[in-house]
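Okay, so here's the structure we're looking at.
Residue numbers begin at 1 in each chain, while the letters A, B, ... track the order of the sequences.
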There are 2 protein chains.
Amino acid sequence: MSRNDASELAQQLALRMADHLRRSGIAIGAHLAEQQFADELKVSRTPVRRALAVLAEMGVVVQEPNRGYFLRKLPPASVRPALVDGAGLAEERYLQIADDRLAGKLEEHVTETALMRRYGMPRRELQRVLHRMEKEGWIERKPGHGWMFVQMPDSLEAHAQSYRFRMLFEPASLLEPGFRLVKSELERVRRDQQMLLDGGLMRLSRARLFELGSDFHNTVIGFSNNRFMIDAIHRVNAMRRLLEYRAKFDRERITDQCREHLHLLELLEQGSRQEAAEFLRRHLDVVRERKTGMDKDKAVSTPRSTVTAQL
Amino acid sequence: MSRNDASELAQQLALRMADHLRRSGIAIGAHLAEQQFADELKVSRTPVRRALAVLAEMGVVVQEPNRGYFLRKLPPASVRPALVDGAGLAEERYLQIADDRLAGKLEEHVTETALMRRYGMPRRELQRVLHRMEKEGWIERKPGHGWMFVQMPDSLEAHAQSYRFRMLFEPASLLEPGFRLVKSELERVRRDQQMLLDGGLMRLSRARLFELGSDFHNTVIGFSNNRFMIDAIHRVNAMRRLLEYRAKFDRERITDQCREHLHLLELLEQGSRQEAAEFLRRHLDVVRERKTGMDKDKAVSTPRSTVTAQL
DNA sequence: TATTGCATTTTGTGTGTTCAAGATACACAA
DNA sequence: TTGTGTATCTTGAACACACAAAATGCAATA
C-alpha cells in the first residue's frame, strides 16, 4: 500500500483527494493547483503537497518541474476514503470499542486507564476516540473520574426511534424557507446513486455502501440551510452507522432505495418540493418498516429507562 | 462565598446538592446519606463528603459525629447551580469566547495557542471548552492545525430555524410509543413553574430563568424515551442559550409561558397526549413568532451559505 | 445491617521539554 | 500575475514526572 513515510494526515488527504478526483468528473491532464486543494480541505499547502507525492507514487498524477502536478489517470476504486467521518488508524479501535459495548462486553462505567490497558492504545489517542463518541452522544464524562456509556435501547428499538425521528424533520427540511439547491452537489450524489445501480452495488464494500447512503441524505438535507436539521441528520447517521455495523442487510433491496433516491432528485430538480417531501416521508417509512418490521405507533419492546440523572 | 480549599468538583457538587435540597421538598432534620448522593451524582463518596463540608460551613447542614450530616435549613436561593450544563470556572471563559465570536471579534479560523494566549488559560482547560463547543456543534477541528467556527446565520434567523425544528419533534415526542410519564419529575418542574408565577419571575436572574425554561422542555421531552429526540432538545437548548445571551427579553411575557407550561402538565397528567401535543405545537409557534416576529414560512433574511465543506 | 470515618490505591491533570509536521513567507519560474 | 519550490516559524502531540484529589476498601459505630 504505497510508502509509509508520509504523515497520517497526508495519507488521509490523499484518499480524500483521490475520491474527489474520481467523483468530480475532472478531465485527464488537468492541472491540479495546490492552494485550491488546501482551501477546500482546510489545511495548508504542506500536507497537500505530501498527499500529491503519494498520489504521484500511485501513478495517479505526475509532477512536472516548476509546473506542479497534473492528473494522469483516475484513481482506482480500491482506495477507501473515509467519506462520512474522517478517520485513520484510530477508526479500527473506535469500532472495536463500539462493538464491545453493544455486545455487552464493557460495563456502563469505565475509566480511561482501564480502556488504555484493554485496547493497548496511548492516552491521547483514546481520548480522541472518547471525545468523538461523546460528540456522537453515546458516552459521557462523569463529573469526577471516568466515563459512562449512555443507556441505549436495543438495536431494533433504536432503529425504530431513529426512523420515527427522521420522518419528522427530513421531509420538512425540503420545505424550509432557506432551501437552496446546489446543482454541483446534486449532480455528485446523482452520479453516485447511478453508479450504484450500474453494478457498484455488488462491487463495493458494505461500509462504502453505507457511506454513500448517508451522504445522499446529508447532502439533500444540507440544501435546507437549517443548521439544526443538518446537525440532526449527521447525528442520526453517526448512530445508525454503529447500529448497522452488526445488523443484517440485503444488497438486493438497496436497488429500490437507489431508484427512489434518484426519483427524489428529479422531483427536487423540477422544483416540486411539496411532492418531494411527501415522497421522502414514504421512502423513510418503507425503509423503517423493512428494518424494524414494525408498525409505526408500536414500540418494538419495552424500552429500558433512559432517563438522565437529573438529581 | 465560603472557603476556597475544597476542590472545584466539590464546589460544583455543593451547588447541585443545594439545588436538589431546595427543589425536592425534603424535610428539615432529615438524614443525608453520603452514598445516596454519590450514586445520584455519579461520583464517589469522597467529593460528596467535601461538598457536605462546604454546605456545613454555610449552615445548611450539620454534622454529628459518627452519624453523618443532617439538613438544618434550606439553602438560600442565592446559590447559583449550573443546572443545565455542569460548569465551574471554565464556564466564564466559555461564555466569553462565545460572546466574542458572536460579536465578530474572533476570526473564523483560530489556533489553540492563540486562544490560550488571548484568554490566558492552560491548554487542557481550553481544550475542554473547545470540545464542549464541538459537541454543541458550533466549532470544528480542522484536519491539520487549528479550529474553525461553524458558519452561523445571524441570531434572528437562527432562532427562527430552531423553532421550526422544535415544532416538528417536540409535539411528536409526546406521542412516542415509549412515552412514560415520571411522576416525580413532573412534580419537580410543576413546582418550578409555580414558583416562577409566585414571584420568582421577578426575583431570579436571567440565566436562572433560562435554565428553568430549558429544564421544563428537557424534562417533558425526556418522557418520550426517544434518545434522538432527547439529544435534539439538549442540542437546541445549548445553542439557544448562546443566542439568547445577548437578545432582548421580556420578563412580563414569561408569565404567559409559565401558565402554558402548567396547562401542558395538566393535559399530560390527564393522559390527553394528543391534545397536549397540539397545545405544545401552538405554544412553540407563539413563542417563535414573538421572538422572531416572522411568518412561519418566510425566511428572516437570506441565510448565509452554511454548506459544510464536502470536497 | 447500613452508614460513617479513615487509610490506601488509583486516576487523571499540570508542567516542562522535545520534536515531527503543519502553517507561512518569500524567491523564482512559467 | 499566478502558482511552485523551499526555507523558516509555529503548532500541538508525545513523553515523563510529580501531585492533588477521586475511587475504593475496611474497621468502627449507631
Side-chain angles (χ1 to χ4, degrees), chain A residues 5-13 31-39 41-53 56 61 63-70 88-90 109-117 121-128 130-131 141-148, chain B residues 5-13 31-39 41-53 61 63-70 88-90 109-117 121-128 130 141-148:
Chain A
D5 59 347
S7 71
E8 193 174 329
L9 175 57
Q11 297 280 0
Q12 274 183 50
L13 293 184
H31 179 220
L32 307 175
E34 291 176 358
Q35 190 60 53
Q36 195 179 319
F37 278 106
D39 291 341
L41 295 162
K42 302 277 170 28
V43 293
S44 71
R45 277 173 53 212
T46 310
V48 169
R49 173 166 272 270
R50 268 199 272 272
L52 282 168
V61 299
Q63 179 176 27
E64 294 188 19
N66 285 321
R67 296 190 61 228
Y69 291 89
F70 296 82
L89 215 148
H109 298 265
V110 291
T111 65
E112 250 171 53
T113 34
L115 290 174
M116 277 170 61
R117 271 197 292 272
M121 55 204 300
R123 167 162 263 124
R124 191 61 81 145
E125 197 179 334
L126 174 70
Q127 283 183 335
R128 238 196 308 264
L130 290 174
H131 283 310
R141 273 195 99 84
K142 287 202 287 180
H145 286 173
W147 296 75
M148 185 181 63
Chain B
D5 60 347
S7 72
E8 193 174 328
L9 174 58
Q11 297 281 0
Q12 275 183 50
L13 293 184
H31 179 221
L32 307 176
E34 291 176 1
Q35 190 60 54
Q36 194 177 320
F37 278 105
D39 291 342
L41 294 163
K42 302 279 175 9
V43 293
S44 71
R45 277 173 52 213
T46 310
V48 168
R49 172 167 272 270
R50 268 199 272 272
L52 281 168
V61 300
Q63 179 176 27
E64 294 189 18
N66 286 322
R67 296 191 60 231
Y69 290 89
F70 296 82
L89 216 148
H109 298 264
V110 291
T111 66
E112 250 170 53
T113 33
L115 290 173
M116 278 171 62
R117 272 196 293 271
M121 54 206 298
R123 170 161 263 126
R124 189 59 85 139
E125 197 180 333
L126 174 70
Q127 284 182 335
R128 202 156 326 152
L130 290 174
R141 273 196 98 83
K142 288 202 286 179
H145 285 172
W147 297 74
M148 186 181 64

Polar atom pairs between nucleotides 13-15 of chain D and protein, under 3.5 Å, N or O only, would you list them?
residue, atom, partner, partner atom, Å
D/dA13, OP1, B/Arg141, NH2, 2.7

[X]: what forms a side chain to side chain contact (heavy atoms under 4.5 Å, CB included) with it, not counting sequence neighbours?
| X | result |
| --- | --- |
| B/Arg49 | B/Glu34, B/Arg45 |
| A/Pro143 | B/Leu9, B/Arg16, B/Lys42, B/Val43 |
| B/Ala33 | B/Gln36 |

Minimum heavy-atom distance between [X] and [Y], given as atom pair plus value:
| X | Y | value |
| --- | --- | --- |
| A/Tyr69 | A/Ala56 | CE2-CB, 4.1 Å |
| A/Val48 | A/Leu13 | N-CD1, 4.2 Å |
| A/Ala10 | A/Ala51 | O-CB, 3.6 Å |

**OP:** Quick one: label B/Leu32 by what it contacts on the DNA or RNA (base, sugar-phosphate, nothing), any heavy atom closer than 4.0 Å.
**Re:**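 It contacts sugar-phosphate atoms only.
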In whole Å, what is the span from the [atom1] atom of [X] to the [atom2] atom of [N]?
| X | N | atom1 | atom2 | answer |
| --- | --- | --- | --- | --- |
| A/Glu8 | C/dC19 | CD | C1' | 17 Å |
| A/Gln12 | C/dG22 | CD | C1' | 14 Å |
| A/Met148 | D/dA23 | CE | C1' | 16 Å |
| A/Lys142 | C/dG12 | NZ | P | 10 Å |
| A/Gln35 | C/dA25 | CD | C1' | 12 Å |
| A/Leu9 | D/dG12 | CG | P | 13 Å |
| B/His145 | C/dG22 | NE2 | P | 7 Å |
| B/Lys42 | D/dA23 | NZ | P | 13 Å |

Original post:
To the nearest 0.5 Å, what is the distance between CD (A/Gln127) and CE (A/Met121)?
Top reply: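 If we round to the nearest 0.5 Å, A/Gln127:CD and A/Met121:CE are 10.5 Å apart.
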Subject >> From A/Thr111 atom OG1 to A/Arg117 atom CZ, the distance as rounded to the nearest 0.5 Å >> reply: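 A/Thr111 OG1 to A/Arg117 CZ: 6.5 Å, rounded to 0.5 Å.
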Original post:
Between D/dT4 and A/His31, is there an OP1 or OP2 to side-chain N/O distance shorter than 4.0 Å?
Top reply: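 So the side chain of A/His31 is within the cut-off, an N or O lying under 4.0 Å from OP1 or OP2 of D/dT4.
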Subject >> B/Thr111 side-chain N/O to D/dT10 phosphate OP1/OP2 under 4.0 Å >> reply: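 Answer is no, no contact under 4.0 Å.
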Subject >> Under the side-chain hydrogen bond (donor to acceptor under 3.5 Å, both in side chains) test, residues paired with B/Asn66 that sit two or more places apart >> reply: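 B/Asn66: no side-chain hydrogen bond (donor to acceptor under 3.5 Å, both in side chains) contacts found.
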Original post:
Listed by chain and number, what are the ring pair (Phe, Tyr, Trp, His ring centres under 6.0 Å) partners of B/His31, not counting sequence neighbours?
Top reply: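 Listed in chain order: B/Phe70.
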Subject >> Terminal helix-axis angle for the helix from C/dT1-D/dA30 to C/dA30-D/dT1, with five pairs defining each axis and rounding to 10 degrees >> reply: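 Overall, the helix from C/dT1-D/dA30 to C/dA30-D/dT1 bends by 60° from one end axis to the other.
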Original post:
Among C/dA23, D/dA23, C/dG22, which nucleotide sits nearest the side chain of A/Arg50?
Top reply: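 Comparing C/dA23, D/dA23, C/dG22 against the side chain of A/Arg50, the answer is C/dG22.
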Original post:
Out of C/dG12, C/dT24, D/dA22, which nucleotide sits closest to the side chain of A/Ser44?
Top reply: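 Within the option list, the nearest is C/dT24.
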Subject >> Sequence-distant partners of A/Glu112, salt bridge (Lys or Arg N to Asp or Glu O under 4.0 Å), two or more places apart >> reply: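 Salt bridge (Lys or Arg N to Asp or Glu O under 4.0 Å) check on A/Glu112 returns A/Arg123.
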Original post:
By salt bridge (Lys or Arg N to Asp or Glu O under 4.0 Å), which residues pair with B/Arg128, not counting sequence neighbours?
Top reply: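 Result, salt bridge (Lys or Arg N to Asp or Glu O under 4.0 Å) vs B/Arg128: none returned.
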Original post:
Mapping A/Gly144 and B/Gly146 to their closest nucleotides on DNA chain C, which lands nearer the 5' end?
Top reply: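 Result of the comparison: A/Gly144.
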Taking N or O atoms only and anything under 3.5 Å, show me the protein contacts with nucleotides 5-9 of chain D, one pair per line.
residue, atom, partner, partner atom, Å
D/dG5, OP1, A/Asn66, N, 3.0
D/dG5, OP2, A/Arg49, NH2, 2.7
D/dG5, N7, A/Arg45, NH2, 2.8
D/dG5, O6, A/Arg45, NH1, 3.1

